Protein chains: 2
Amino acid sequence: MSDSVQRPASPPPRPKARATIADVAQAAQVSKASVSRYLNGRTDILAPDMAERVQQAIAQLNYRPSPMAQALKHGRTRLIGLAVADVTNPFSVAVLQGAEKACQAAGYLLVLFNLGNEAGRERDAMHALSAYQLDGMILNRVETSAQLWHDAQLHGKPIVLVDRFMEGMDADFVTVDNPGVIQLALDHLQAQGFDEVLLVTEPIAGVSSRTARQQAFLRYLSRSKVLQGSVWESAAHNGPQLQQQLAQWRQAAVQAGRRPAVLAGNGVASLRAASAIHALGWVPGQELGVIGIDETDWAPLVGPGLTTVAQPTDALGQAAAQCLIERIQGKHSPARKIELPGTIIVRGSTASPKR
Amino acid sequence: MSDSVQRPASPPPRPKARATIADVAQAAQVSKASVSRYLNGRTDILAPDMAERVQQAIAQLNYRPSPMAQALKHGRTRLIGLAVADVTNPFSVAVLQGAEKACQAAGYLLVLFNLGNEAGRERDAMHALSAYQLDGMILNRVETSAQLWHDAQLHGKPIVLVDRFMEGMDADFVTVDNPGVIQLALDHLQAQGFDEVLLVTEPIAGVSSRTARQQAFLRYLSRSKVLQGSVWESAAHNGPQLQQQLAQWRQAAVQAGRRPAVLAGNGVASLRAASAIHALGWVPGQELGVIGIDETDWAPLVGPGLTTVAQPTDALGQAAAQCLIERIQGKHSPARKIELPGTIIVRGSTASPKR
DNA sequence: TTGTACGCGTTATCAC
DNA sequence: GTGATAACGCGTACAA
């Protein structure tokens with residue numbers, strides 16, 4: 001077992017260690033301070049030949065400063081956290097991509113936390129924020145109660161909220177223009193000749209984006225002369241119930257001589273609604289109109305294609321990240337709310353109903 | 001503009017700093033060393049009353065040791081990187097979830113890198129591996145040429161490959177059993193009465209998983225008495241071309257009195273194939289059989305439902321992470337290859353063709 | 001212009 | 001048993 005001997009001396013476990021600033025200094029025959037200055041662009045206070053030697057030593061040793069050590073020194077890690085409710089939701093991934101771009105451009109590294117819809121893991125994410133000294137955090141999901149994590153826990157680290165707001169938190173908030181999205185959808189349905197709309201949404205449960213869409217929906221209805229509608233909350237695993245509800249609702253509408261359409265509140269709700277419709281043997285655009293918020297890969301494929309209102313996910317992610325980075329860099333201004341418009345993509349599922 | 005004044009003094013920007021081990025020591029009236037011992041569970045070498053005081057001080061100050069400082073000390077960060085070719089691919093996300101579970105259970109934090117199918121960003125990820133002193137990395141995509149990053153770059157950090165292997169790298173490799181998956185699919189097609197199969201795959205381009213599936217496909221055909229087939233590589237944005245190819249191929253098959261089916265090589269290929277079929281006005285299971293590797297959200301919704309062979313994504317992610325963690329903890333053994341089986345999910349798209 | 005010395009938060013080694 | 005102290009890699013006053 002001679003290979004299990006542990007030499008207690010300095011470099012036993014890592015065969016090839018990273019080059020340090022000291023190594024560079026030695027190779028270039030200068031002091032660590034000079035190397036540091038070179039790295040920080042203080043070349044104006046450096047003799048050209050020294051800069052030259054340092055430059056070569058760095059290249060030769062393939063040296064990169066250690067962000068960890070830098071973090072220890074002045075509290076910044078150039079790490080940004082992104083906590084999403086559920087990576088499984090394509091919306092989250094799309095926002096991630098946007099945020100990633102902005103972070104990369106600004107020299108930050110994006111760290112993903114998947115909260116998996118579990119409240120407890122949100123606390124973990126907050127702990128990680130301070131433990132790993134992340135410079136800031138983009139938060140997509142959040143317990144609906146604001147009090148749970150006091151700002152004191154953040155140690156002054158900035159936070160930007162995406163998609164879901166929380167009353168009583170003064171943090172920047174980036175979201176799609178929910179009333180606008182609802183209006184796009186309902187204007188379109190109305191123009192196509194539908195007049196009875198069912199909003200299928202995930203359980204509202206205090207989630208701000210769902211509340212906002214529901215309220216915009218109801219407000220639109222209250223002002224419309226022709227549109228009527230109602231709301232159905234579809235929980236996780238009660239597909240049959242949704243299916244039954246859809247059947248009853250449609251029958252009543254048709255018997256009343258109305259033209260029914262379903263509006264799905266987001267991508268998940270769209271999937272549930274499409275599944276229920278599929279299970280009933282219906283075809284979107286045939287027995288009823290269908291429109292969904294959130295564009296998805298599969299929207300063009302089901303039936304004659306699903307009409308959707310796409311969120312500007314990439315822009316949302318970028319805006320959130322840029323917003324956060326400004327805060328990190330010390331911008332002091334009252335909390336902002338950034339609202340971006342959605343875009344309608346018309347397909348066959350909202351073809352004008354036969355009279 | 002009085003609020004734009006910058007105080008250059010010490011604690012202006014961060015109002016509330018984290019508690020340090022020194023704070024705890026002072027509050028508990030002991031030395032930092034004792035606190036450290038307490039934290040590392042050396043309570044057997046600690047006077048009970050001291051332990052008590054330290055315990056209280058820690059609770060009172062809400063103290064947590066700084067992973068960064070620990071990293072500086074002994075090179076481990078308890079951070080694991082996961083570099084995926086493309087977060088947009090649901091397969092990546094599913095693997096991520098599995099890996100996350102295992103990491104969480106072992107007290108590691110998973111950091112996601114989205115390579116966005118760009119070769120350059122893979123180098124960035126490798127740099128981050130050493131710069132942020134990640135303890136290891138799970139790699140999904142990799143430039144097809146192995147030499148590009150020499151092991152020297154890793155500074156002895158372990159790497160585990162997922163889904164895509166690279167010749168000449170001795171790293172652990174976790175993958176679905178590709179020949180088994182192909183066999184499941186073709187056995188099923190044959191049993192249903194199909195005898196002319198087109199494998200639609202993303203461009204092979206040296207990607208090991210695609211190569212493996214293609215080879216297994218061809219091998220199966222060469223041994224089968226009834227099945228014939230061919231391969232079509234579908235590139236990113238040439239939907240029309242795929243569509244045209246499908247039409248020609250099917251017509252030839254039918255004219256020869258054969259029963260055609262498409263086998264899509266992964267989720268992305270499934271989407272492309274389904275789109276082309278949709279654009280041709282065909283229905284899966286009607287004009288031709290369709291089966292896809294990778295289960296997707298939308299598989300049940302298109303036509304009579306798409307038959308798929310699901311990869312054990314969660315298990316793949318977990319296995320990869322566990323594997324890596326063993327390496328991190330010093331396990332020395334020759335590089336392993338872990339192969340997990342797939343599962344077939346039969347739906348209407350592979351209904352027996354009418355004679 | 002350049003080098004020396006110290007501190008960031010931890011842990012490990014040594015004396016006490 | 002316990003406490004001072006030296007490192008880890010880096011930035012930066014301060015001294016030269």
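Nothing here was measured: the structure is a model prediction, and the numbers come from that model. Naming convention: chains lettered A, B, ... in sequence-line order (proteins, then strands); numbering from 1 in each chain.
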Specify the separation, in whole Å, of atom [atom1] of [X] and atom [atom2] of [N].
| X | N | atom1 | atom2 | answer |
| --- | --- | --- | --- | --- |
| R53(B) | dG1(D) | CZ | C1' | 13 Å |
| I21(B) | dA12(C) | CD1 | P | 11 Å |
| R42(A) | dG3(C) | CZ | P | 17 Å |
| R18(A) | dC10(D) | CZ | C1' | 12 Å |
| M68(B) | dG7(C) | CE | C1' | 17 Å |
| E52(B) | dT2(D) | CD | P | 14 Å |

For this session: For M50(B), answer base if it contacts any base atom (sugar-phosphate contacts may also be present), sugar-phosphate if it contacts only those atoms, and nothing otherwise; contact means non-hydrogen atoms under 4.0 Å.
Result: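 Sugar-phosphate only.
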For this session: With heavy atoms under 4.0 Å as the rule, sort R64(B) into base, sugar-phosphate or nothing.
Result: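 Contact class for R64(B): sugar-phosphate only.
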Side chains of [X] and [Y]: is there a donor and an acceptor less than 3.5 Å apart?
| X | Y | value |
| --- | --- | --- |
| Q104(A) | E100(A) | no |
| Q133(B) | R76(B) | no |
| Q322(B) | E326(B) | no |
| S66(A) | R18(A) | no |

Exercise. Of the nucleotides dT10(C), dG11(D), dG9(C), which one has an atom closest to the side chain of L72(B)?
Worked result: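 Nearest listed nucleotide: dG9(C).
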For this session: Taking only the side-chain heavy atoms of H74(A) (C-beta and beyond), determine which of dG11(D), dT10(C), dC10(D) contains the nearest atom.
Result: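 Within the option list, the nearest is dG11(D).
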For this session: Sticking with atom C1', work out how far dA16(D) lies from dT12(D), rounded to a whole angstrom.
Result: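 After rounding to an integer number of Å, I get 16 Å for this pair.
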Exercise. Quick one: is Q70(B) getting a side-chain N or O under 4.0 Å of the dT11(C) phosphate, OP1 or OP2?
Worked result: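 Yes.
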Problem set entry | dC10(D) OP1/OP2 closer than 4.0 Å to side-chain N/O of N40(A) |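 For dC10(D), neither OP1 nor OP2 has a side-chain N or O of N40(A) closer than 4.0 Å.
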Problem set entry | Nearest-nucleotide comparison on DNA chain D, the residue closer to the 5′ end among A69(B) and D44(B) |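 Counting from the 5' end, the first nearest nucleotide belongs to D44(B).
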For this session: Identify, residue by residue, the members of residues 24-38 of chain B with a heavy atom below 4.0 Å from DNA chain C, and return them in order of residue number, or none.
Result: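 Here the set is K32(B), A33(B), S36(B).
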For this session: Kindly indicate whether the side chain of K73(A) and the base of dG7(C) share any N or O donor-acceptor pair separated by less than 3.5 Å?
Result: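 Yes, a donor-acceptor pair under 3.5 Å.
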Exercise. Counting only heavy atoms not in Q60(B), do more than 12 sit closer than 6.0 Å to its CD atom?
Worked result: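 No.
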For this session: Work out which heavy atom in T77(A) is nearest to a heavy atom in Y132(A); give both atom names and the distance.
Result: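 Closest heavy-atom pair between T77(A) and Y132(A): CG2-O, 3.5 Å.
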Problem set entry | Shortest non-hydrogen separation from L139(B) to M126(B) and the atoms involved |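 Minimum heavy-atom contact is CD2-CE, 4.1 Å.
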